[in-house]
2 protein chains.
Amino acid sequence: MRRRRNGGRPTIADVAKRAGVSSITVSRALRDPERVSPQLRQQIEEAVRALDYVPDQHARALASARTDVVGVIIPSLTNNVFADVLRGIYDGLAQTSHQVQLGNSRYSPIEEERLLATFLSQRPAALIVAGIDQTARSRELLENAGCPVVQIMELDEGPVDMMVGFSHRAAGHLVTSHLVEAGYRRIGFLGARMDPRTQRRLEGYRAALMEAGLYDPDRVTATPTPSSVTLGRDLLRDLLARMPDTDAVFCINDDLALGALFECQSAALAVPDTIGIAGFNDLEMMAAAWPALTSVRTPRYEIGSRAVQMARAAIAGRRPAERVVDVGVELQVRASTMRRGSAQVPSQKAPVRAI
Amino acid sequence: MRRRRNGGRPTIADVAKRAGVSSITVSRALRDPERVSPQLRQQIEEAVRALDYVPDQHARALASARTDVVGVIIPSLTNNVFADVLRGIYDGLAQTSHQVQLGNSRYSPIEEERLLATFLSQRPAALIVAGIDQTARSRELLENAGCPVVQIMELDEGPVDMMVGFSHRAAGHLVTSHLVEAGYRRIGFLGARMDPRTQRRLEGYRAALMEAGLYDPDRVTATPTPSSVTLGRDLLRDLLARMPDTDAVFCINDDLALGALFECQSAALAVPDTIGIAGFNDLEMMAAAWPALTSVRTPRYEIGSRAVQMARAAIAGRRPAERVVDVGVELQVRASTMRRGSAQVPSQKAPVRAI
DNA sequence: AGCCGATTTGATAGCGCTAACATTTTTCGA
DNA sequence: TCGAAAAATGTTAGCGCTATCAAATCGGCT
């Protein structure tokens with residue numbers, strides 16, 4: 001008596017025998033029910049239920065050189081932004097037969113390249129990767145991936161395949177313009193990590209201030225250090241030490257903005273009157289802060305679910321017509337940039353959309 | 001000419017031919033180098049390098065009924081706590097041949113059970129699951145998993161296999177006792193989500209106040225709603241409306257604590273003098289807040305990396321002697337609970353360890 | 001030298017599934 | 001009613017790897 005290696009689980013042959021058909025018919029009934037007569041289909045379904053049959057992913061992958069795995073490569077696991085994106089991805093894939101293979105590149109293009117190579121060796125059904133700043137080799141790997149590829153978080157003319165995101169440059173421009181319109185004139189910049197997306201927000205900031213004739217490079221405070229609330233405090237303190245007349249700051253993300261707020265509180269600087277503060281991403285806490293903090297709402301969950309949606313369509317052979325999707329952003333103006341006596345006080349009810 | 005299904009990638013047979021050995025020897029050289037003579041081993045390594053050979057995971061899984069996949073089931077992707085744990089897990093597995101299969105149970109035991117069944121059908125090398133409150137069927141699945149199982153986040157007498165975490169009850173007791181010692185007498189509780197771990201922190205709170213003769217069930221404010229900073233504000237507002245003389249709150253997590261702080265700021269209640277605030281987890285922002293917020297440091301990253309470490313040891317057949325590891329917690333006393341004129345002001349340099 | 005056990009290497013036979021082609025059955029227009 | 005095309009089902013042959021057992025080689029000891 002041969003011992004089964006798989007621990008006694010029923011195989012497709014068991015189902016076939018019980019349903020009185022050949023195993024290939026079972027395979028078809030499972031994979032492509034349309035191609036099997038209703039009669040047999042029902043018998044097979046019954047047998048599957050009776051035996052509690054679960055197909056073996058590995059055998060399928062080996063035989064068909066295809067898998068149901070969607071590879072996802074993001075630069076950080078702890079960044080709330082990517083957590084939301086991930087949630088969108090997982091939710092989008094929850095009721096399907098797809099599984100997620102998650103890779104953390106830790107903001108390293110080299111690590112990203114390594115992960116990409118590993119993932120591709122497993123012939124994924126699709127790939128979702130963050131950003132557009134892959135190494136040349138990564139780009140090459142993606143182009144020859146042989147599966148749908150969705151780049152997320154950003155917007156660009158030349159996607160490898162598909163793309164969902166928004167323009168960080170435009171978003172940076174949007175916030176900064178708002179600060180100008182709110183009456184601030186000596187607007188600083190607080191940046192951390194300074195990954196490519198952050199750089200583009202800085203570009204938007206710079207452009208907006210140039211247009212307004214208010215740009216002063218000395219007000220840009222940026223560090224490669226990973227972002228944190230504490231860092232937000234430190235950066236604002238530094239900036240104010242160097243440029244004490246700074247009357248507003250655009251913070252590259254909400255953690256820095258929260259840190260800036262705490263720093264103002266500890267230094268007894270009135271927000272928004274002495275200093276205006278704007279963040280980026282509009283995490284949930286921004287609306288709850290006191291004063292509530294202005295930010296830019298980025299549709300992170302939506303990016304994840306749209307990416308999955310596009311990937312699934314492409315897997316099914318129905319590549320979407322629009323290969324680059326701009327999900328846009330919305331400026332959420334709150335108390336932290338509503339200066340007393342400022343002429344322009346946008347309504348909180350009417351968020352401004354970028355692009 | 002037969003076309004290869006795998007897209008021209010070299011197989012173990014190609015490596016074998018090039019190295020002048022049989023394929024089984026290559027297999028052994030890769031899996032268990034000790035069992036192959038140094039001579040052949042070197043030839044094989046060279047061939048692997050020359051051909052850029054990467055083993056096919058699926059073929060291996062099919063042939064050996066084993067995989068390198070570590071299944072991880074957590075209740076939330078967006079909760080910072082689990083993000084840190086995950087990072088520990090990914091880092092611990094980064095330089096190995098293991099891969100992570102991540103499942104999000106969304107705090108639903110039923111969903112957890114479903115995920116467990118799916119994961120097990122793929123014969124993982126090990127499983128890491130959050131919590132100890134599995135359904136009976138889940139528990140049964142875990143007990144017959146046929147692979148190492150590590151339960152994380154909590155502590156319990158009866159682990160399925162191995163366990164890494166800390167006592168939430170003891171931690172809740174620790175913070176609450178601190179509030180008592182700091183001179184607070186009408187100490188409220190703010191809770192959200194109220195999953196099993198949260199419940200146990202509440203138990204600790206209750207026990208500590210009972211011991212001090214200060215327990216008042218009316219000061220417990222808990223809701224099944226998922227936690228958020230805004231919710232922290234709302235809960236504190238509710239509590240103060242009902243029990244205006246409340247002089248401190250233990251918040252089930254740092255988001256609620258931050259919300260409580262903002263609520264106090266907006267209502268012009270002095271922290272820590274009028275109201276003391278303590279949180280849980282000690283996220284990075286707690287130290288940066290103004291005033292800095294007292295919290296309990298939970299070693300989340302460490303839980304992830306220890307879990308991986310134990311799982312790997314067990315996979316290698318060296319099950320650790322200690323099957324239940326208590327990573328402990330540390331009370332971080334900060335300004336938010338340092339009442340002016342209070343006799344007892346613990347030094348920030350000497351955190352208190354629970355258990 | 002000769003023998004035994006240990007070590008190293010190889011041949012064979014699948015693991016559970018599906019691609020590719022073969023065969024049978026059904027459908028339907030002329 | 002017949003025949004050709006379409007639809008449904010089956011047969012065969014692997015996918016790339018490893019478990020299992022068999023064979024060859026080696027070292028040490030009498």
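Just so it is clear: chains get the letters A, B, ... in the order the sequence lines come, proteins before strands, and each one is counted from 1.
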Colleague: For the backbone of A:R35 and the side chain of A:D32, can you confirm whether one donor and one acceptor N or O come within less than 3.5 Å of each other?
Modeller: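 Such a contact is absent between A:D32 side chain and A:R35 backbone.
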
Colleague: Any side-chain N or O of A:T11 under 4.0 Å from OP1/OP2 of C:dG16?
Modeller: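 Checking C:dG16 against A:T11, no side-chain N or O comes under 4.0 Å of OP1 or OP2.
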
Colleague: Is there a donor-acceptor pair closer than 3.5 Å between any side-chain N or O of A:R197 and the backbone N or O of A:E154?
Modeller: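 It does not hold such a pair.
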
Colleague: Would you work out how much the helix from C:dA1-D:dT30 to C:dA30-D:dT1 bends between its ends, with each end axis defined by five base pairs, to 10 degrees?
Modeller: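 Roughly 30°, once rounded to the nearest ten degrees.
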
Colleague: Which residue in the set A:E140, A:E113, A:E112 passes side-chain hydrogen bond (donor to acceptor under 3.5 Å, both in side chains) when paired with A:T135?
Modeller: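 Answer after filtering A:E140, A:E113, A:E112: A:E113.
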
Colleague: Between C:dT8, C:dG14, C:dT18, which nucleotide gets closest to the side-chain atoms of B:S37?
Modeller: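 Output: C:dT8.
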
Colleague: DNA chain D: A:S22 or A:A59, which has the more 5' nearest nucleotide?
Modeller: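 By nearest-heavy-atom nucleotide position, the 5'-most residue is A:S22.
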
Colleague: Look at all strands and tell whether B:R66 reaches a base, only sugar-phosphate, or nothing, counting heavy atoms closer than 4.0 Å.
Modeller: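 Result for B:R66 = sugar-phosphate.
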
Colleague: Of all the heavy-atom pairs spanning B:L77 and A:A83, show the shortest one and how long it is.
Modeller: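 That would be O-CB, 3.5 Å.
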
Colleague: What about A:R9, does its side chain sit under 3.5 Å from the base of C:dG16 through a donor-acceptor pair?
Modeller: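 In this structure, the two groups form no donor-acceptor pair.
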
Colleague: If you check the A:S27 side chain, which of C:dT9, C:dT18, D:dT9 turns out closest?
Modeller: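 Looking only at heavy atoms from C-beta outward on A:S27, the closest nucleotide is C:dT18.
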
Colleague: Would you say a side-chain N or O of B:T25 is under 4.0 Å from OP1 or OP2 of C:dG10?
Modeller: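 So the side-chain polar atoms of B:T25 do come within 4.0 Å of the phosphate oxygens OP1 or OP2 of C:dG10, strictly under.
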
Colleague: Choose from D:dG16, C:dT9, C:dC17 the nucleotide whose nearest atom is closest to any side-chain atom of B:V36.
Modeller: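 Of the candidates, C:dT9 comes closest.
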
Colleague: Choose from D:dC17, D:dA8, C:dA11 the nucleotide whose nearest atom is closest to any side-chain atom of B:I24.
Modeller: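 The closest nucleotide is C:dA11.
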
Colleague: Partners of A:R60 by salt bridge (charged side-chain N to carboxylate O under 4.0 Å, His left out), sequence neighbours excluded?
Modeller: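 Expected list: A:D68.
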
Colleague: When you check the phosphate oxygens OP1 and OP2 of C:dT18, does a side-chain N or O of A:S23 lie under 4.0 Å from one of them?
Modeller: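 No, no such contact exists.
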
Colleague: Think A:R35 has a side-chain N or O under 4.0 angstrom from the OP1 or OP2 of D:dA8?
Modeller: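 So the side chain of A:R35 is outside the cut-off, no N or O lying under 4.0 Å from OP1 or OP2 of D:dA8.
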
Colleague: Determine the minimum heavy-atom distance between B:H58 and A:A61, stating which atoms define it.
Modeller: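 So the two residues come closest at CG-CB, 3.4 Å.
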
Colleague: Would you say A:R31 places a side-chain N or O within less than 4.0 Å of OP1 or OP2 belonging to C:dC17?
Modeller: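 Checking A:R31 against C:dC17: no side-chain N or O falls below 4.0 Å of OP1 or OP2.
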
Colleague: What's the spacing between A:I315 CD1 and A:C147 SG if we round to 0.5 Å?
Modeller: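 The SG atom of A:C147 is 8.0 Å from CD1 of A:I315, to the nearest 0.5 Å.
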
